[in-house]
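To find a chain, count down the sequence lines: A is the first, B the second, and so on, and within it residues start at 1.
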Amino acid sequence: MDTITLGEFEQLVLMSIVRLDHEAYGATIRRDIETRTARRLSISAVYTTLDRLEQKGLVRSWIGEPTAERGGRRRKHFALETAGARALKAAHRDYMAMATGLERRLKAL
Amino acid sequence: MIDRLLLAVATRALPAAAREWMTGDLEEEFRRLASTHGRWRARGWLIGESMRNVSRRASTKSRFPKPKVASMSWIDLKLGFRMLVKYPGLTLVGGTAMAFAIFVGVVAFTMFSVVMNPSLPLKGADRIVQISSFDVAKSQSESQQLHDFKIWRGSVHSVTDLGAWQNSSRNLVIPGVESSPVPVAEMSPIGFQVGQGEAHLGRVLTEADADPAAPPVVVIGYEIWKSRFGSDPGVIGKTVQLGDEYPVVVGVMREGFEFPVAHDAWLPLRLQLLDAPPREGRATSVFGRLAPGQTLETAQAELTTIGRSLARDLPQTHQHLEPRVTPYAQQDNMGTDDFAFLFAIYFFLTALLTLICGNVGLLIFARAASRENDLIVRTALGAGRSRIVWQLFAEALVLAGFSATVGLVAAGVFLQTWGTGFLEANLGRLPFWMNLQLSPKTMVFAVAATVFGAAVAGVMPAFKLTRGMNDRLKQASAGSGGAQFGGVWTFVIVAQIAVTMMFPAIVYGERYLMGTIDNFDMGFAAERFLTARIDKDAAQDRARYAQSLQELQRRLAATPGVTGVTYAQSLPATGHPDARIELEGPDGKVTATWATLAAVEPSYFEALDSPVIAGRAFTPADAQPGSRVAIVDQAFVELVLQGRNPIGQQFRFAPEVDGPAPPPEPWYEVVGLVKELGISAPFQKDRAAGFYLPAPPDRLRDQYLMVHLPSGDVAAFGARLREIATAVDSTLRVSEIRTADALNNDIVWVMGLWVKITSVMSALAIVLSLAGIYSVLSFTVTRRTREIGVRVALGGSRDRVIGAILRKPLIRVGFGVLLGSGMVLAAVIALRGSDFPGANTPLTVWHFATLAGYVVVMVVVCSLAVIVPARRALRVEPTVALRAE
C-alpha cells in the first residue's frame with residue numbers, strides 16, 4: 001500500500017496528537033504546537049488540517065462530553081489511525097535520513 | 001457581557017458544521033488565557049482570533065465540508081403517516097379544518113376562474129374570437145352591428161370563418177307537451193364548424209338553408225330532443241311550431257353542444273332578408289377564427305384600419321365606433337379583469353388558509369413539544385435543525401395531503417351538485433364554456449395550497465421548537481427548561497378565538513336576513529297568486545302584442561277558478577325603482593323627496609283583492625295617455641305627507657339633483673289610498689314610500705302577470721297558463737312561472753347555502769379553538785407537573801396552585817373572547833350606515849343583552865376545553881410528581 005506523503009504542518013499536528021494522546025482536541029493541539037514552535041495559529045487553521053487528515057483516513061474523531069469551561073459545548077477528540085501512524089513514521093524517517101550528518105551545519109545556519 | 005460579545009463575534013466566521021466544538025475551544029482557550037495572563041490579554045487574543053478567522057474565510061476556499069442540506073426522505077413521510085394514526089384527535093380536528101380550508105379555496109378558485117378567466121372547451125380555443133363594436137364616446141358596446149358584419153365578411157382577411165348570430169327565445173309548441181320558451185340562435189351555418197358541433201341525428205345547417213328561397217328548417221339540441229320529443233329518432237323531417245314559424249327538423253345536435261352561448265335550437269341566419277342600415281336592427285354578435293399565421297394583435301390592427309375607413313365613409317354613425325377583436329369566451333360582463341376584486345378574494349382565501357393552518361400548527365407544536373425528548377436525542381445524535389424542520393414539515397404534509405384529498409373530493413361533489421345552481425341564481429343560464437369541473441389548473445392550485453398549508457402548520461412550529469436546541473440540550477440534562485408557547489402562539493390563540501366569535505354572529509345575521517325575506521308580509525295572500533313574465537318575440541309588432549296581452553287577460557279571467565288577472569311592471573317584494581318627486585307642503589313651499597314607483601294595470605288592486613282605503617281605484621280611462629292620476633300607499637302618507645290626507649294632493653317628477661333644469665313636469669293628482677302591498681322589498685334597508693301609476697299592459701316596461709286563484713293548486717295552474725297563452729298567440733313567451741310567495745326563493749336558496757357554509761365554518765372554528773385551548777392548557781399542566789407537586793407538597797392550596805398555573809392561558813382565552821365581542825359590536829355599528837336590512841333598527845337593551853348572553857355562552861364553550869387539563873392538574877400527587885423526571 002502506498003504511504004501518504006505528509007505536509008509540514010500536517011506532521012506537526014500528527015505529532016501533537018501522538019503526544020497528547022486522549023487529550024488531543026482542537027484547543028490542546030493548537031496550544032501544543034504554539035508552545036513548542038512559537039507559531040501563532042488560529043483554531044480554524046488547526047481544524048482545517050485535522051479535517052483534511054481525517055478525510056485522508058490518517059486520523060479519526062469522536063465527540064466527547066460537554067464541559068462547563070467550554071460553556072456546555074462538546075469536544076471533538078482526535079486519534080491516529082494506522083495509516084496516519086505509518087505516514088508519520090515514514091515522514092520522520094525521511095526527515096532523519098536527510099538530517100543525518102547535518103546537525104552542526106543546521107545549527108550554524 | 002463584553003466577553004460574550006467578543007466570543008459571539010469570533011464565532012461568526014466559523015463554519016457551521018464545526019461551530020460547536022470550535023466555539024468550545026475558543027471559550028476554553030479564552031478562560032485559560034484569562035486565568036494565566038489576565039482578561040484583557042485573553043480579549044486581545046479573541047479579537048485576533050476573530051480577525052484571523054474572518055480573513056481566512058474570506059481569502060481561502062473553505063476546506064470544511066459544506067454542511068449537507070438535509071432534505072425530506074420517505075422515512076419522514078412514513079413517520080408522518082404513523083403520527084396520523086397515533087394522534088387520532090389531532091388528525092380528526094386538524095385534518096377536518098385543513099380539508100375545509102382546501103374545500104373553500106378550491107370551490108372559490110374554480111368558480112372565479114370559470115367566471116373571470118373563462119376558456120372554451122374546444123380544440124384551438126385560443127384562435128376562436130369574437131368581433132364587437134365599441135362606442136368610445138358613450139363608453140358602451142354597440143350590439144346593432146349587422147351592417148358592419150356584412151362589410152367585415154367582404155374585407156377582413158386576418159379572421160376566417162366569419163359568422164353572426166342573433167338571439168331569440170321562442171315558444172316550442174308540441175301537441176300534447178307543455179309549450180315553453182326555448183333559447184334559439186339564428187346563426188350563420190359556419191357556426192357549427194367554429195363551434196365544432198356534429199349532428200347526433202340528421203345534419204347541421206348548411207349555406208343552402210340560409211338562402212331566402214329555402215324552406216324553413218331548424219336543428220334542435222340534444223336536451224330538447226330528449227325532454228320534449230322523448231328521444232324519438234323519427235323527429236327528423238317533422239314540422240314543429242317555433243313561435244309563429246313552422247320549420248322542419250333536419251337535425252339533432254350532439255350532447256353538450258350549445259354554441260354560440262347557451263342555445264337549444266338553431267335557425268339559419270338569412271342575411272339577404274335582413275336589411276340593416278348602420279347601427280340599426282336587431283342585436284347581432286359576430287364570431288370567427290384567426291387565420292393561420294395571424295394573431296389577436298394583427299387581427300386587431302386590420303379591424304382598426306377598416307373601422308377608420310368606415311368612420312370616414314359614415315361619419316354620422318361610425319365616427320366614435322371601434323371594432324374590437326377579443327377571445328371568444330370573454331363575452332360582455334364576463335372575464336372582466338377586476339384585479340382589485342380578484343386580489344380581495346385571493347387575499348381572503350389565503351388569510352382563511354393561513355388562519356386555519358396556523359391553528360393546526362399550534363396543535364402540531366403542542367404534539368411535537370410533547371416529543372421534545374425524542375427531538376433532543378435526535379439532535380444529540382447529530383441531526384441538524386434543518387433535519388428536524390423537514391421531519392415536522394413531512395408530518396404536516398402527510399396530514400395536509402390527506403386533508404387536501406378529502407377537500408378536493410368534497411369540492412368536486414359540491415360543484416357538481418350545487419355549484420351550477422349557485423352561479424345560475426346569480427348569472428342566469430350559464431354559457432356552455434362555464435363547466436364547473438376540477439381542471440388541471442384547479443389541481444395545481446390545490447397542490448400549492450396543500451404545500452403552503454403544510455409549511456404554515458409544520459415549518460412554523462418546527463422553527464419555534466428547534467430554536468436554541470443546544471441550550472435546551474443543556475437544560476434538559478439539568479432537568480429544566482423546554483419548549484414554551486411564546487408570542488406567536490399567543491397571537492394565534494387570541495386571533496382564533498376572536499375570529500371564532502365572529503362566525504356565529506355572521507350566521508345569526510344571515511338567518512335574520514333570510515327570515516326577513518322569507519316572512520315578508522306583502523299585504524295580500526301571496527300564496528294564492530300565480531305570477532309569470534310575459535315577453536314578445538322581437539319581430540312582433542306592438543299592436544299585435546297589446547292585443548295579445550288583453551286577450552290573454554280576458555281568457556284567464558274567464559277560466560274557472562280564476563278571480564282576478566292583472567299586469568304590473570314589477571312584482572311585489574322584488575324591488576321597484578325610486579323616483580325623485582316634488583310636492584307642495586302645507587306652507588306652500590315645493591320640496592323634493594324620494595319615493596318608489598310602481599306602474600300597474602288599472603285592475604291591479606281589484607285583482608289583488610285589496611280595495612282602496614280612501615278615494616277611488618283606477619279606471620280604464622286612467623290608463624290613457626295624458627292621464628295624470630296616482631294612488632299612494634300608507635307608507636307614502638306617513639313618510640312623505642307626514643300624515644296629511646292624501647286625496648287631492650299633487651306631486652310631480654323632479655329633475656335629477658345634479659342635472660340641468662328641464663321644463664317642469666305636469667302635476668299628478670292622488671285619487672286613492674291603499675295599504676302597503678309589497679312596494680318595499682324585504683332586502684331593502686328602509687321602508688318604501690310607494691305610489692302607483694296606471695298604464696295599459698303593453699306600455700309597461702316589463703309585463704308581469706298575476707293570476708288570483710283562491711282555491712286549488714296554484715303552482716299546477718302554470719301548465720294551463722301556458723296552454724292559454726299559446727292558444728292566444730304562439731309568439732307570446734311565458735317564463736318565470738311561480739307563486740307570489742316564492743318570488744324571492746332564489747335569493748333565499750343562495751342565502752341558505754351561505755348559512756350552511758358559515759355554520760360549518762362556525763362549528764369548525766369552535767372545535768379548532770377548543771382544541772387549541774385544550775392543547776395549550778394540557779401542555780402547560782404537563783410541563784409544570786413537577787412544579788404543581790412541589791407547591792402542593794410545600795403546603796400550597798391545590799386550587800390556588802392550579803389557578804396560578806392556568807391563569808395566563810385563561811387570560812389569553814378571555815382576551816380573545818373580549819376582542820371577538822368588540823369585533824362583533826364594531827361590525828354592528830359599522831353596518832348601521834349600510835343598506836343592510838334592519839341596519840337602522842334602534843339598538844335596545846335587548847340587543848345588548850343578546851350580545852352579553854352570547855359572550856357568556858362563548859366563555860362557557862371555551863371553558864369546556866379547560867375541564868380535562870384542570871382535572872388532570874387537580875389529580876397530580878406531589879410524591880409522584882416529584883419522583884417523575
Practice item. List the steps and the verdict of side chain to side chain contact (heavy atoms under 4.5 Å, CB included) for A:Y47 and B:M22. Key: CA-CA 8 Å; A:Y47 272 95; B:M22 290 174 75; 3.6 Å; yes
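Rounding to the nearest 0.5 angstrom, the gap separating the CH2 atom in B:W21 from the CZ atom in A:R74 is 6.0 Å. Atom-to-atom distance recorded for B:D25:CG and A:S44:OG is 11.0 Å, nearest 0.5 angstrom.
Residues of residues 33-45 of chain B lying within less than 4.5 angstrom of chain A, judged on heavy atoms, are B:W45 in numerical order. Contact residues of residues 29-38 of chain A toward chain B are A:R30, A:R31 (heavy-atom distance under 4.5 Å).
In plain terms, the two heavy atoms of A:Y25 and B:E28 that are nearest each other are OH-OE2, 2.5 Å.
Other residues, nucleotides and ligands place no more than 12 heavy atoms under 6.0 Å from the CZ atom of B:F81. Counting non-hydrogen atoms of neighbouring residues, nucleotides and ligands closer than 6.0 angstrom, the CD atom of A:E65 reaches no more than 12 such neighbours.
Proximity to chain B is limited to the side chain of A:I63, based on heavy atoms less than 4.5 angstrom apart.
In terms of modelled atom types and a separation under 3.5 Å, the side chain of B:E49 and the main chain of A:I43 share a donor-acceptor contact.
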